[in-house]
Colleague: 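Got a structure for you, questions after.
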Amino acid sequence: MQCCVQCGSNKVENRDLGLCASHNRERIKAERPVQVKERKPIAQISTSRAIVLKARQAAYKEVKKTQDSCACCGTRYDLTPSHVLTQKKFPLLAANPRNVVVLCSEHHHEWEHDKASFCLHFTEVWNLKMEIMEELAPEYFQQFKQKHSQLFTS
């Protein structure tokens, strides 16, 4: 009967080298080449993009001073700034504090994906968003009103 050359155990796994299971695993691990993952460089952002992001952050800070909870349910957790006029269509208004209403992520999702439900459950916040939209972009508000005419039947 063969014993492990390292520890003397009688349960030898690798008979050629005379190693038990644990010492054989150590040997295999030590023989593996070390793989160093190449890190990608951090993407640089342009100066103009940095200015835009800084302005947006300043606007969010200003909004959080007055709105520290979800406008719909009042929770103080998982809050997100909800733009009345989208950042994509209105990049110049993205940093305007008047264009931002604080919502929790659940209600922000509802605003983004189910306007009918949002209007039905949170009429006060809906009306606030519509007032802001009409004030900041009257032409767009008219288009929005036409697109979602079923929500404006009052």
Side-chain angles (χ1 to χ4, degrees), residues 6 11 13-14 19-154:
Q6 299 261 331
K11 295 183 179 181
E13 180 180 274
N14 186 330
L19 297 173
C20 66
S22 58
H23 286 108
N24 197 39
R25 270 194 307 272
E26 286 177 17
R27 177 194 60 83
I28 292 169
K29 189 176 179 181
E31 288 177 358
R32 272 191 217 137
V34 177
Q35 293 180 343
V36 178
K37 289 185 180 178
E38 192 174 317
R39 291 182 180 221
K40 293 180 183 176
I42 296 174
Q44 297 294 318
I45 61 172
S46 67
T47 308
S48 59
R49 178 78 175 140
I51 291 168
V52 167
L53 292 174
K54 216 172 222 179
R56 209 175 289 169
Q57 287 301 320
Y60 296 162
K61 263 187 179 178
E62 188 177 323
V63 168
K64 283 184 179 180
K65 287 178 186 174
T66 57
Q67 302 176 39
D68 62 348
S69 61
C70 175
C72 295
C73 65
T75 186
R76 293 176 184 254
Y77 300 102
D78 202 16
L79 300 177
T80 183
S82 173
H83 289 84
V84 177
L85 299 165
T86 66
Q87 299 177 66
K88 188 173 183 176
K89 287 184 183 174
F90 298 92
L92 298 176
L93 292 174
N96 184 339
R98 182 74 175 126
N99 187 34
V100 176
V101 175
V102 175
L103 299 176
C104 65
S105 62
E106 180 183 336
H107 293 122
H108 184 260
H109 185 270
E110 190 173 355
W111 162 255
E112 292 290 330
H113 302 286
D114 191 0
K115 301 236 188 296
S117 174
F118 190 91
C119 178
L120 179 67
H121 294 109
F122 308 106
T123 310
E124 213 173 283
V125 180
W126 171 267
N127 291 335
L128 172 67
K129 282 189 169 244
M130 294 306 105
E131 284 174 24
I132 293 169
M133 189 183 294
E134 189 172 22
E135 174 191 324
L136 296 178
E139 317 81 40
Y140 180 76
F141 174 70
Q142 293 306 320
Q143 292 173 359
F144 184 88
K145 204 171 176 181
Q146 280 183 324
K147 182 179 178 182
H148 301 284
S149 58
Q150 73 279 9
L151 304 176
F152 292 92
T153 56
S154 51

Colleague: Output the distance between atom CG (Leu103) and atom OG1 (Thr75), rounded to the nearest 0.5 Å.
Modeller: 11.5 Å
Colleague: Identify the heavy atoms of Ala116 and Leu151 that sit nearest to each other, and give their distance.
Modeller: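 Between these two residues, the closest heavy atoms are CA-CD2, 3.5 Å.
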Colleague: Is the shortest heavy-atom distance from the side chain of Asn14 to the side chain of Arg27 under 4.5 Å?
Modeller: yes
Colleague: In the structure I gave you, are the side-chain heavy atoms of Thr86 and Lys89 within less than 4.5 Å of one another anywhere?
Modeller: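 Contact flag for Thr86/Lys89 side chains = yes.
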Colleague: Determine yes or no for a side-chain-to-main-chain donor-acceptor pair under 3.5 angstrom, with His83 supplying the side chain and Ala94 the backbone.
Modeller: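 Yes, because the side chain of His83 sits within donor-acceptor range (under 3.5 Å) of the backbone of Ala94.
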Colleague: Mark yes when over 12 heavy atoms from residues, nucleotides or ligands other than Gln146 sit less than 6.0 Å from its CD; otherwise mark no.
Modeller: no
Colleague: Would you check if the distance from the ring center of His109 to the ring center of Phe118 is below 6.0 Å?
Modeller: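 No, the ring centres sit 6.0 Å or more apart.
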Colleague: For atom NE2 of His148, decide whether the heavy atoms of other residues, nucleotides or ligands shown that lie under 6.0 angstrom number more than 12.
Modeller: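 More than 12 heavy atoms, drawn from other residues, nucleotides or ligands, come within 6.0 Å of this atom.
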Colleague: Answer yes or no: is there a side-chain heavy-atom contact under 4.5 Å between Glu135 and Phe141?
Modeller: no
Colleague: Are any non-hydrogen side-chain atoms of Val84 and Leu128 less than 4.5 angstrom apart?
Modeller: no
Colleague: Keeping the roles fixed (side chain from Gln67, backbone from Val102), state whether a donor-acceptor pair exists under 3.5 Å.
Modeller: yes
Colleague: Supply the atom-to-atom distance Cys119 SG to Gln150 CD, rounded to the nearest 0.5 angstrom.
Modeller: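 It comes to 9.0 Å.
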Colleague: Is any side-chain heavy atom of Gln6 closer than 4.5 Å to one of Cys20?
Modeller: no
Colleague: Does Lys115 use its side chain to pair, donor to acceptor, with the backbone of Trp111 at less than 3.5 Å?
Modeller: yes
Colleague: How about Glu112: does its CD atom have over 12 heavy atoms from other parts shown lying under 6.0 Å from it?
Modeller: yes
Colleague: Quick check for you: to the nearest 0.5 Å, what is the distance between Leu53 atom CG and Ile45 atom CD1?
Modeller: 5.0 Å
Colleague: Can you see which heavy atom on Val63 is nearest to which on Pro97, and at what distance?
Modeller: CG2-O, 3.5 Å
Colleague: Step through the shown structure and confirm whether more than 12 heavy atoms of other residues, nucleotides or ligands are within 6.0 Å of CD on Glu31.
Modeller: yes
Colleague: Which value, rounded to the nearest 0.5 Å, describes the distance between Gln57 atom CD and Lys54 atom NZ?
Modeller: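 Those atoms lie 10.5 Å apart.
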Colleague: If every non-hydrogen atom of Ala71 is compared with every non-hydrogen atom of Val125, which pair is closest and at what distance?
Modeller: O-CG2, 3.4 Å
Colleague: Does the plane of the ring in Trp126 sit parallel, tilted or perpendicular to the ring in Phe144? Use 30° and 60° as the thresholds.
Modeller: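 It falls in the tilted class, 30° to 60°.
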Colleague: Among side-chain atoms of His121 and Ser117, is any donor-acceptor pair under 3.5 angstrom?
Modeller: yes
Colleague: Where the side chain of Asn99 meets the backbone of Leu93, is there a donor-acceptor pair that is under 3.5 Å apart?
Modeller: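 Yes.
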Colleague: For residues Leu19 and Glu13, determine if any side-chain heavy atom of one lies less than 4.5 Å from a side-chain heavy atom of the other.
Modeller: no
Colleague: Rounded to the nearest 0.5 Å, how far apart are CD of Glu131 and CZ of Arg98?
Modeller: 7.0 Å
Colleague: Looking only at non-hydrogen atoms, find the nearest pair between Pro81 and His108 and report the distance.
Modeller: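 Minimum heavy-atom contact is O-NE2, 4.0 Å.
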Colleague: Compare all side-chain heavy atoms of Arg56 with those of Gln87 and state whether any distance is below 4.5 angstrom.
Modeller: yes
Colleague: If we ignore hydrogens and angles and just use 3.5 Å, is the side chain of Asn127 paired with the main-chain N or O of Thr123 as donor and acceptor?
Modeller: yes
Colleague: Can you tell me how far NE2 of His23 sits from CD of Glu26, rounded to the nearest 0.5 angstrom?
Modeller: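 With rounding to 0.5 Å, CD (Glu26) is 5.0 Å from NE2 (His23).
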Colleague: Would you say Cys104 and Cys72 make side-chain contact, with heavy atoms under 4.5 Å?
Modeller: no
